[in-house]
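The model shown is predicted, which means the values in this text are computed figures rather than measured ones. Chain identifiers are assigned alphabetically (A, B, ...) following the order of the sequence lines, protein sequences preceding nucleic acid strands; residue numbering begins at 1 within each chain.
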Amino acid sequence: MPYSTPEIVKILMHAREKIVASIWVVIRDTHLSEDIFQNTVVKAITKDVTFRSEPELLSWAFTTAKREGIDHLRKNNRELNELPPEVLDLMIREWVSEPIAHSSSRVDALHDCIESLPELSRKLLRLRYGEGMTCLEVAERLNAGANAIYKRLSRLHESLKVCVETRLEEPGL
Amino acid sequence: MRERNRKLLAYLDGALSAEEAEEVESLLNRDENARRFLREVAEQAVVVSDGLRQEKSRTEEFFRFSSEVSHLTRRSRPKRRGVAIITAGAFAAITLLGVWIFGISGDTTIGYVEEVSGTVLWTGESGIASELKKDQPIGSGDLETASDDSLLKLRYHDGTLVVIKGDSIATLSAGPQKQIRMRAGAFAAEVTRQPVDLPMLIRTPSAEIEVLGTRLDVESAQMETLLRVSDGSVRLKRTADGKEVIVDANHQAFSTLESSEELKSFPIPKATSGWKSDFSSRPDFVHGNWIPGTQDSPACLMATGKLIERSDDEPVFIYHAGMRIPWQDPGAILSEHSSTVRISGRLKESRKIIVMLKATNEDGTFIGNYFGCSLSLAPGDYEFDLELGKFRYKHSRGKIPIPEGLSLTSIQVFSTEKGDPGLSVESIEFRSPGNK
C-alpha cells in the first residue's frame with residue numbers, strides 16, 4: 001500500500017537531521033540545506049511518485065536532495081571542493097542504512113552534549129556552523145590562527161562523539 | 001587521526017591545495033572512518049544550526065503549529081519543545097513552499113533524448129536508475145553509457161545538441177546555466193549561442209571548459225582531457241593550477257593534472273596513413289594496465305576485466321586493453337579500406353580477439369565504433385592483421401561497413417569469452433597499401 005502524505009512527511013521528518021546533514025556535506029550551508037530539505041519534502045508529497053517502503057522513500061529523498069544540493073553548489077560557489085560522486089553515494093548509503101530510531105536517539109544525545117559544552121566551544125560551533133563562517137573567518141573573528149581553529153574544532157567534534165556514545169550507553173536513551 | 005580530521009575540516013572549507021584535496025577524496029573513498037567523521041560533523045552542524053535558529057525564533061506562529069504537528073516529530077520531552085517548534089515551522093514553511101514551487105516551476109526538464117543506442121542508464125530525480133528511451137524528456141541527473149558502442153544524443157530546449165558516446169559517465173544539471181560534469185568518456189556538442197554571463201560549463205577531473213557557442217569534442221579520462229574545437233572558440237581552464245587557454249576553431253588542447261606541463265592550443269592535425277605504437281612510456285587514455293618493459297619482456301598493455309550492461313541481453317564481462325590513437329604523433333589515422341591494422345601480443349588462453357575502432361569526421365565529430373574480429377588464436381605469442389574495409393558498425397538495421405576517409409581516434413582490443421585470457425598487446429600498427 002503506498003504511503004499517504006502524512007506518513008511520507010512523518011518519515012522524512014524523523015530522518016530530517018540525516019537528510020539535512022547529507023545536503024550540508026555538499027553545500028556547507030545549514031540554512032540552505034534546510035531549504036533544500038523542505039523542497040524535497042514538498043516534491044515527495046506533490047510529485048507523481050509513490051513510496052511503499054521506508055528505504056525506498058529515504059533513498060529517493062537523499063538522492064533528490066543531493067541532486068538539488070549539487071545544482072546549487074555549481075550555480076553559486078565554485079570555491080568549495082565538490083565531493084566526488086562515489087564518496088557522496090557511499091556516505092548516503094551509510095546514512096540510509098542507519099535505523100531511524102537509533103539516529104533519533106543519537107541526535108537527542110548530541111543536542112544534550114552540545115548544550116553541556118563550555119561557552120567558548122559553543123561559540124566556535126555557532127560561528128562555524130550556525131553563521132556559516134569558514135574556519136579562516138572564525139579565526140579572524142576570534143583573533144586566532146586558522147590552524148589553531150582547525151585543531152580546536154577537530155577536538156570538539158571528537159569530544160562530542162565520545163559524549164554522544166557515552167550518553168547512548170545510559171539507560172533510557 | 002587528528003591530522004586526518006584537521007585535513008577533512010580544511011577540505012570542507014576549500015582550504016586545501018588541489019593535490020591535498022585529491023588525497024582527501026581518495027581517503028574518503030577508501031576509509032569508512034573518515035566518512036563517518038564527516039557524517040558526524042555534518043550532523044553536528046545541523047544540530048548546532050537548529051539550536052541557533054531556536055534562539056532567534058520567537059514568533060507565535062511557530063508555537064501555534066507546534067501543537068498541530070508535534071505528533072510528526074520524535075521529540076516528546078519538554079526541553080525538546082524548541083526543536084519541535086523549529087520542525088513545526090519547517091512543516092508550515094513546507095506547505096507554503098509547496099504552493100510556490102508548484103506554481104512557478106512546473107517544468108524542470110532540460111531537454112529530450114533525440115537518439116539513443118546501446119545501453120544508456122539514467123538516474124534522475126526519482127533516484128532509480130532506468131534505461132533512456134528516444135524522445136524521453138530529461139532533467140538533471142546522472143547518466144552512464146554502459147557499453148563501448150553506446151550513444152546518446154541529447155537536445156536541450158534551446159537547440160544545443162550534446163552527444164555522449166562510448167563508455168562515459170556524466171552528470172547533467174538543470175538551471176539557466178548548462179553544466180555537465182564528465183567523470184570519464186567522450187562527448188561532442190553543437191552549442192547554440194549562450195548568454196555571455198552564463199556560458200555552458202563542462203567539467204572533467206582535469207579541466208573546466210566554458211562554451212559560448214561552438215562545436216566541440218571532449219574526451220576525458222581520470223587524469224587527462226582532450227578538447228577539440230571545430231567551430232567558434234572555447235575557454236579551457238586546467239583544474240590543477242587554474243591556468244587557462246582559448247582554443248579556437250580547428251584547434252585542440254590537452255589538459256592533465258600535471259601543472260608543470262605547458263598548457264597550449266595547437267592545430268588539429270591532418271590525417272596520416274601509417275602509424276605504429278610505442279609502449280615504452282604510458283599511452284594516453286589507456287584501458288587496461290600499462291606494463292613497462294623489462295630485460296625479458298617488452299612493454300605492453302595488459303587487458304583488465306570490465307562488466308558491460310546490455311539493453312537487449314544479459315550483461316557480459318569482457319577483458320579489454322586500448323588507448324587513444326595516434327598517441328605521441330601529431331597526425332590522425334585515416335580509415336582506408338585497403339589499409340590494415342596489425343596487432344601482436346600474448347595470450348594465455350585460446351581466444352578470438354575483437355578489435356574496436358572509434359571513428360570521427362576530420363573535424364572531430366563522432367561517427368561510430370567499428371568492430372573487426374580475429375580468427376581463434378592459440379595461447380602464446382600472437383599476431384594478426386585485419387583489413388579496415390572489413391570493420392563493421394553494429395546498428396539495429398544491420399552491420400554497416402566503415403566509410404573511408406574517417407579519422408580513427410581510439411582502439412580497443414578485447415575478448416568476450418568466459419575467463420581471463422591473459423591478453424596483452426605489445427604492438428599496434430596501421431599499415432597503408434603503400435607501406436605494407
>> Under the rule for salt bridge (charged side-chain N to carboxylate O under 4.0 Å, His left out), what residues qualify as partners of B:E20, not counting sequence neighbours?
In response: none

> Which region of A:I149, side chain (C-beta onward) or backbone (N, CA, C, O), has a non-hydrogen atom less than 4.5 Å from a non-hydrogen atom of chain B, or is it both or neither?
Replying inline: neither

>> Atom CD of residue position B:E19 - does it have more than 12 heavy atoms of other residues, nucleotides or ligands inside 6.0 Å?
In response: no

>> Do the side chains of A:K10 and A:E54 get close enough for a salt bridge, i.e. N-O under 4.0 angstrom?
In response: no

> Looking at B:L8, B:V24, B:T171, which has the largest count of heavy-atom pairs under 4.5 Å with chain A?
Replying inline: B:T171

> Who among B:I169, B:V48, B:L198 has the most heavy-atom pairs with chain A under 4.5 Å?
Replying inline: B:V48

> What part of B:A10 is in contact with chain A, defined as an atom under 4.5 angstrom from a non-hydrogen atom: side chain, backbone, both or neither?
Replying inline: both

>> Please report the interatomic distance CG(B:L28) to CD(A:E86), rounded to the nearest 0.5 Å.
In response: 10.0 Å

> Applying side-chain hydrogen bond (donor to acceptor under 3.5 Å, both in side chains), which residue pairs with at least one partner in residues 138-148 of chain A are found, sequence neighbours left out?
Replying inline: A:N147-B:R6

> For chain B, which of A:V25, A:L90, A:I70 has the most heavy-atom pairs under 4.5 Å?
Replying inline: A:L90

>> Using heavy-atom distances under 4.5 Å, tell me whether A:I114 contacts chain B through its side chain, its backbone, both, or neither.
In response: side chain

> Yes or no on side-chain contact (heavy atoms from CB on, under 4.5 Å) for B:V41 and A:W24, after CA distance, side-chain angles and deciding distance?
Replying inline: CA-CA 10 Å; B:V41 167; A:W24 182 88; 4.0 Å; yes

> With respect to chain A, which residue among B:R30, B:R39, B:E40 yields the maximal number of heavy-atom pairs within a distance under 4.5 Å?
Replying inline: B:R39

> Looking at A:E94, A:R155, A:K151, which one has more heavy-atom pairs under 4.5 Å with chain B than the rest?
Replying inline: A:E94

